[in-house]
2 protein chains.
Amino acid sequence: MAAQSQYEELTRQLSAFGVVKRGLARDLPHQCQAGSAAVLALLHRHGEMRLSRLAELLSVDMSVTSRHVAHLTERGWLDREPDPLDKRSRLLRLNAEGENVLRDISDRYVTTLAEALHDWSDEDVGRLTELLARLRDSFGEGRSPRTTP
Amino acid sequence: MAAQSQYEELTRQLSAFGVVKRGLARDLPHQCQAGSAAVLALLHRHGEMRLSRLAELLSVDMSVTSRHVAHLTERGWLDREPDPLDKRSRLLRLNAEGENVLRDISDRYVTTLAEALHDWSDEDVGRLTELLARLRDSFGEGRSPRTTP
DNA sequence: TATTGTTATACTCTATAACTATA
DNA sequence: TATAGTTATAGAGTATAACAATA
């Protein structure tokens, strides 16, 4: 359990995270912003899934996820097929075109990070990644949207 | 210099930061959202300053800063006095009411963090804070808004 | 002419609520 | 009756561009 002043300092750093987020988003293709990119990445990583599952992985409301998915589908980057187990759902899957777009975006992210963090050690990059993952867990375990009414 | 896969993993964690940001913002008073809270915190920490300096500290465009400041001024939480050195500028200063609001917000942030991170060690909280500060520096040193046209 | 700050406009991301179709 | 998903609407945060006042 940390001291109050430690939390206050952490608060300052968390509040200032926007500059990092914008730095990453700046170099994305106009057709695929950060929100949509996250959808592509999750579908690539976890494979075919339903919208509700995707929303859960994104920690975002289904209505938001639905719009991202619609955006990506309109551009022909992912397919929606009927779910044989439940006619209300459709299974979302990245297609070849979507994989290409994702690869492009991933390259852009990596380039931006490699440039910004050129003077970081491997260990520090790893430590930050680990702590961010843990931070997300610590916050994610609280109430999730539309699940604890 | 880290490997590509390390950057990709970091990208995932950075993209998922939204859940943390929303977790912190959820418990703020309706009258003062995160953006305005950041203004209060900076004026408390650095004292009286001009709008342009504030925008620089926030790493955000002056137009954005101007709106936050207008919001806070309307609520009577900060004062704008003529800058004796430049009639185009005004000096912004937190007043007593603003200090109270900031104290309230700071308490809320600390409470939220203490709850979410109750099982974190002091050392890990410190490490995360440090790495986030460094991350911000690494991104902040790039182009800043309205300075590199 | 250049700079400080303001305002109008537009875009992204998000949530809530009302709705349809299916379970 | 409850759940999966969609859509309409609203609000926070941000940037760009046009503008006023002053340097």
Side-chain angles (χ1 to χ4, degrees), chain A residues 15-39 49-56 58-74 80-92 143-149, chain B residues 15-39 49-56 58-74 80-92 143-149:
Chain A
S15 298
F17 187 82
V19 66
V20 174
K21 184 188 141 200
R22 293 192 294 282
L24 277 175
R26 217 191 307 269
D27 298 317
L28 288 181
H30 184 64
Q31 294 276 41
C32 189
Q33 296 301 98
S36 298
V39 168
M49 69 179 80
R50 297 155 54 140
L51 187 76
S52 49
R53 167 89 173 120
L54 192 53
E56 194 186 321
L58 288 167
S59 301
V60 142
D61 193 82
M62 250 204 302
S63 65
V64 176
T65 311
S66 180
R67 298 196 61 154
H68 286 320
V69 165
H71 176 91
L72 294 169
T73 306
E74 282 163 18
R80 293 195 265 203
E81 291 184 6
D83 182 344
L85 299 176
D86 187 338
K87 282 181 186 159
R88 294 171 302 181
S89 286
R90 283 182 287 185
L91 293 176
L92 311 171
R143 67 211 108 162
S144 53
R146 213 130 119 178
T147 298
T148 315
Chain B
S15 299
F17 186 82
V19 66
V20 175
K21 183 188 142 202
R22 293 192 294 281
L24 277 176
R26 216 190 310 268
D27 298 317
L28 288 182
H30 183 63
Q31 295 276 43
C32 188
Q33 296 300 99
S36 297
V39 169
M49 69 179 82
R50 298 155 52 141
L51 187 76
S52 49
R53 166 89 173 119
L54 191 53
E56 194 186 321
L58 288 167
S59 302
V60 142
D61 193 84
M62 251 204 300
S63 66
V64 176
T65 311
S66 179
R67 299 195 60 154
H68 286 320
V69 165
H71 176 91
L72 294 168
T73 307
E74 282 163 17
R80 292 195 266 203
E81 291 184 6
D83 182 343
L85 299 176
D86 188 337
K87 282 182 187 158
R88 294 171 302 181
S89 286
R90 282 181 289 184
L91 293 176
L92 310 171
R143 67 211 108 163
S144 54
R146 211 131 118 180
T147 297
T148 316

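Quick note: numbers below take in every heavy atom, side chains included, and nothing from hydrogens, waters or symmetry partners. All chains are named by letter (A, B, ...) in the order of the sequence lines, taking the proteins before the strands, and each is independently numbered beginning at 1.
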- Query: What distance do B/L51 atom CG and B/R88 atom CZ have between them, rounded to the nearest 0.5 Å?
  - Reply: 12.5 Å

- Message: With rounding to the nearest 0.5 angstrom, report the CG to NE2 distance, B/L58 to B/H68.
- Response: 7.0 Å

- Query: Could a donor-acceptor pair under 3.5 angstrom be found where the side chain of A/S63 meets the base of C/dT16?
  - Reply: yes

- Task: Tell me which nucleotide among C/dT9, C/dT22, C/dT4 gets nearest to the side chain of A/K87.
- Result: C/dT22

- Side chain of A/H30 only, please: which of D/dG5, D/dT14, C/dT12 is the nearest? C/dT12

- Between A/C32 and A/A37, what is the shortest heavy-atom contact and its length? SG-N, 3.7 Å

- Item | Axis-to-axis angle between the two ends of the helix from C/dG5-D/dC19 to C/dA23-D/dT1 (five base pairs per end, rounded to 10 degrees) | 10°

- Task: Take the protein atom NE2 of A/H71 and the nucleotide atom P of D/dG5, then report the distance between them rounded to whole Å.
- Result: 20 Å

- Note on the structure: Atom CE of B/M62 and atom C1' of D/dA18 are separated, to the nearest Å, by 14 Å

- To the nearest 0.5 Å, tell me how far A/L72 CG sits from A/R80 CZ. 9.5 Å

- Query: With distance as the sole test, does A/R22 use its side chain to make a donor-acceptor pair with the main-chain N or O of B/S59 at under 3.5 Å?
  - Reply: yes

- Query: Expressed in angstrom and rounded to an integer, what is the separation of A/M49 atom CE from D/dG5 atom C1'?
  - Reply: 16 Å

- Taking all non-hydrogen atoms of both residues into account, name the closest pair between B/L24 and B/L28 and its distance. O-CG, 4.1 Å

- Message: Please pick, from D/dG5, C/dT7, C/dA15, the nucleotide with the shortest atom-to-atom distance to any side-chain atom of A/D61.
- Response: C/dA15

- Message: OP1 or OP2 of C/dT12 versus the side-chain N and O atoms of A/H68: is any pair under 4.0 Å?
- Response: no

- Ignoring hydrogens and angles, tell me if any N or O in the side chain of A/T65 forms a donor-acceptor pair with the backbone of A/D61 under 3.5 Å. yes

- Task: Provide, to the nearest angstrom, the distance between the CG atom belonging to A/L24 and the P atom belonging to D/dT14.
- Result: 16 Å

- Task: Could you check how far NZ of A/K21 sits from C1' of C/dT12, rounded to whole Å?
- Result: 8 Å

- Can you tell me how far C1' of C/dT12 sits from CZ of A/R26, to the nearest Å? 15 Å

- Item | Of the listed nucleotides C/dT6, C/dT14, D/dA4, the one nearest the side chain of B/R90 | C/dT6

- Of C/dA15, D/dG5, C/dG5, the nucleotide closest to the side chain of A/S89 is D/dG5

- Could you tell me whether B/R67 contacts a base, only the sugar-phosphate backbone, or nothing, with contacts defined as non-hydrogen atoms closer than 4.0 Å? base

- Task: For B/S66 and for A/L85, locate the closest nucleotide of DNA chain C by heavy-atom distance; then report the residue assigned to the nucleotide nearer the 5' terminus.
- Result: B/S66

- Query: With respect to the side chain of A/L51, which nucleotide from C/dG5, D/dG5, D/dT3 is positioned closest?
  - Reply: D/dG5

- Item | Closest approach of A/Q33 to A/H30 (non-hydrogen atoms, all atoms of both residues) | OE1-O, 3.6 Å

- Query: If you check every side-chain atom of A/V60, which of D/dT6, C/dT14, D/dT14 has the closest atom?
  - Reply: C/dT14

- Where along residues 32-39 of chain B does a heavy atom come under 4.0 Å from DNA chain C, residue by residue in number order? none

- Could you list the residues that satisfy salt bridge (charged side-chain N to carboxylate O under 4.0 Å, His left out) with B/R50, not counting sequence neighbours? B/D83, B/D86

- Query: Whole-Å distance between D/dA15 P and B/L58 CG?
  - Reply: 10 Å

- Length of the CZ-P vector between A/F17 and D/dG13, whole Å: 16 Å

- Give A/R53 one of three labels, base, sugar-phosphate or nothing, depending on what nucleic acid heavy atoms sit under 4.0 Å from its own. nothing

- Message: Starting the side chain at C-beta, find the nucleotide from D/dA15, C/dA23, D/dT7 nearest to A/D86.
- Response: C/dA23

- Query: Does a sphere of radius 6.0 Å around CZ in B/R67 hold more than 12 heavy atoms from other residues, nucleotides or ligands, not counting ones at 6.0 Å or beyond?
  - Reply: no

- Task: Counting heavy atoms from C-beta on, name the nucleotide in D/dA15, D/dA4, D/dT22 closest to the side chain of B/R88.
- Result: D/dT22

- Message: Is there a side-chain contact between A/R80 and the phosphate of D/dT6, meaning an N or O under 4.0 Å from OP1 or OP2?
- Response: yes

- Closest heavy-atom pair, A/S36 versus A/H71, reported as atoms and distance to 0.1 Å, is OG-CD2, 3.6 Å

- Message: Taking only side-chain N and O atoms of B/R22, does any of them lie within less than 4.0 angstrom of OP1 or OP2 on D/dG11?
- Response: no

